[in-house]
Amino acid sequence: MKIQKLLIANRGEIARRIIRTCRERGIRTVAVHSEADKGLPFVREADEAVLIGPPPVARSYLNADAILKAAADTGADAVHPGYGLLSENADFARKVKEAGLTFVGPAPEVIARMGDKVTARRTMEEAGVPVVPGTEDLRDPEEAVREAVKIGWPVMMKASAGGGGIGMQVLRGEEELKKAFPSAQGRAKAYFGDDTLFMERFIESPRHVEVQVFADHRGKTVHLFERECSVQRRNQKVVEESPSPSIRPGTRESLCKAAVRAAKAVGYTGAGTVEFLVDPEENFYFLEMNTRLQVEHPVTEMVTGLDLVALQLDVAEGKDLALDQDQIRMTGHALEYRVYAEDPERFLPSPGTLEAFSPPEGEGIRVDAGVEAGSQVAPYYDPMIAKCIVHADSREQALARSRKALAAFEVSGIKSNLPLLINILDQPEFIRGRYDTTLLTKPLQFDKR
Amino acid sequence: MKSIQATMAGTVLQVMVSEGDRVESGQDVVLLESMKMEVPVQAEEGGTVSAVKVEVGSFVSDGDILIELDD
């Protein structure tokens, strides 16, 4: 069935991104928004907009009933959840289906299975996808210590229901672990409503490489190559690129094959991303599967020439994937820089009014922004205001183009991390393409020009 | 009189001290939240709390006075 009217259960740049593809396909769009976002471009650009509540996400963008009511009131026949917010909430996906609407994403059962980290690990092990040595759910600190000895110190403690790097902790010994356990339980309960914890061996100086996959309802599953996402602060990505500059061709092939195996193992449909940790010897381990479109999907779009939102809509409409694996080619090199409303040195949020917002333009430059000059950057939501994506024939050319693009990017009225992004481009490890997730945890070398 | 100021714009999530409390340098006094991130604000110097200028749920700007201290 063809989608006629799509409700976008999200905000900012990703809502605008989805609207763009819908326009090309002749699909009408419905934006839902909070009181704080009424002036943002996505609200204006959608064919219809519905106010769903006050600024806090719990009362607007996470309010499934208000969103479903907006869908019913506007006659939408499908819902795209974007990323974050309700995108990986199996109950929401189920409610959308029960309301007789098409959910642009995998089946609710698949979201639930991949959302529970322990179940996801077990599923991957059974499918022959390597996982980081780790534990099942832990009952108490004593059991945690016994298990830590088995898998080897240091360990990373995580909330079973967690995500986004929140509540993760590296522990290097028995005393430290015993002390950290109760407070980690408390945080897991507060953030995710579930105090279950588990542990994995902590991989020192890892790279974070992920593979984009797509699958249709007949089980045809392809990969769209990898994205290197090792430039992170507080376990959140800052720069992503494709292809990864540092893995060997053989590793790339094994990673992509493992990702397809992972997707097949769970009966995946639509767009998904399989995240891996890669250690210095290029052993790789399944980290998690994101059952939605990623923030960094444009990097893959730039190197493959494909529109990932269009592919998502095709699969949601029940169409077969028209692409065969050998038709998917990678051309050139692409990088994405996330522009955050935050202090570039202390990484602290900087909400406020954007006085100037002037993104760069030019060949091989794409900017996906959620804001414009005069927009309010509200303190209630994620600090990412825009993504600058740069493509060129080679990585070296893409870096040169990136320097010009970021230098021309004008943001004022709030603090942004643009100075940090420009500085990353001067780091020798980054220029060589030999970096790992510790890049931003060390003092950066400052520009000597 | 000394004061403790907000290190970023955001909402006051928690006030950890009351009037008359003795605070030490480096102690967390207020928890701010902005853009999904919780940031504790610390006392740069010790002192006795003479006034708490914010309450839970208040919105503060970068540099706003949160707490006043007497020596």
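First the proteins, then the strands, lettered A, B, ... as listed; each starts at 1.
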- Can you tell me if NZ on A:Lys179 sees more than 12 non-hydrogen neighbours from other groups inside 6.0 Å? no
- Evaluate whether atom CD of B:Glu44 has more than 12 neighbouring non-hydrogen atoms of other residues, nucleotides or ligands under 6.0 angstrom away. no
Result block: side-chain N/O donor-acceptor pairs under 3.5 angstrom for residues 52-62 of chain B, not counting sequence neighbours:
{"unit_1": "B:Ser58", "atom_1": "OG", "unit_2": "B:Glu55", "atom_2": "N", "d": "2.9"}
{"unit_1": "B:Ser58", "atom_1": "OG", "unit_2": "B:Glu55", "atom_2": "O", "d": "2.6"}

- Can you pull the salt bridge (charged side-chain N to carboxylate O under 4.0 Å, His left out) pairs that have at least one residue in residues 55-67 of chain A, sequence neighbours excluded? A:Asp65-A:Lys95
- Heavy atoms only: give me the nearest B:Thr7-A:Leu348 pair and the separation to one decimal. O-CD1, 3.9 Å
- Could you tell me which non-hydrogen atom of B:Met35 sits nearest to which non-hydrogen atom of A:Pro349, and how far apart they are? SD-CB, 3.7 Å
- Item | Spacing of A:Arg187 atom CZ and B:Glu38 atom CD [to the nearest 0.5 Å] | 10.0 Å
- Message: Return the NZ to CE distance between A:Lys415 and B:Met8, rounded to the nearest 0.5 Å.
- Response: 11.5 Å
- Query: Who passes ring pair (Phe, Tyr, Trp, His ring centres under 6.0 Å) against A:Phe357, sequence neighbours left out?
  - Reply: A:Phe409
- Note on the structure: Within residues 373-381 of chain A, contacts to chain B at heavy-atom distances under 4.5 Å involve A:Val377, A:Ala378, A:Pro379, A:Tyr381
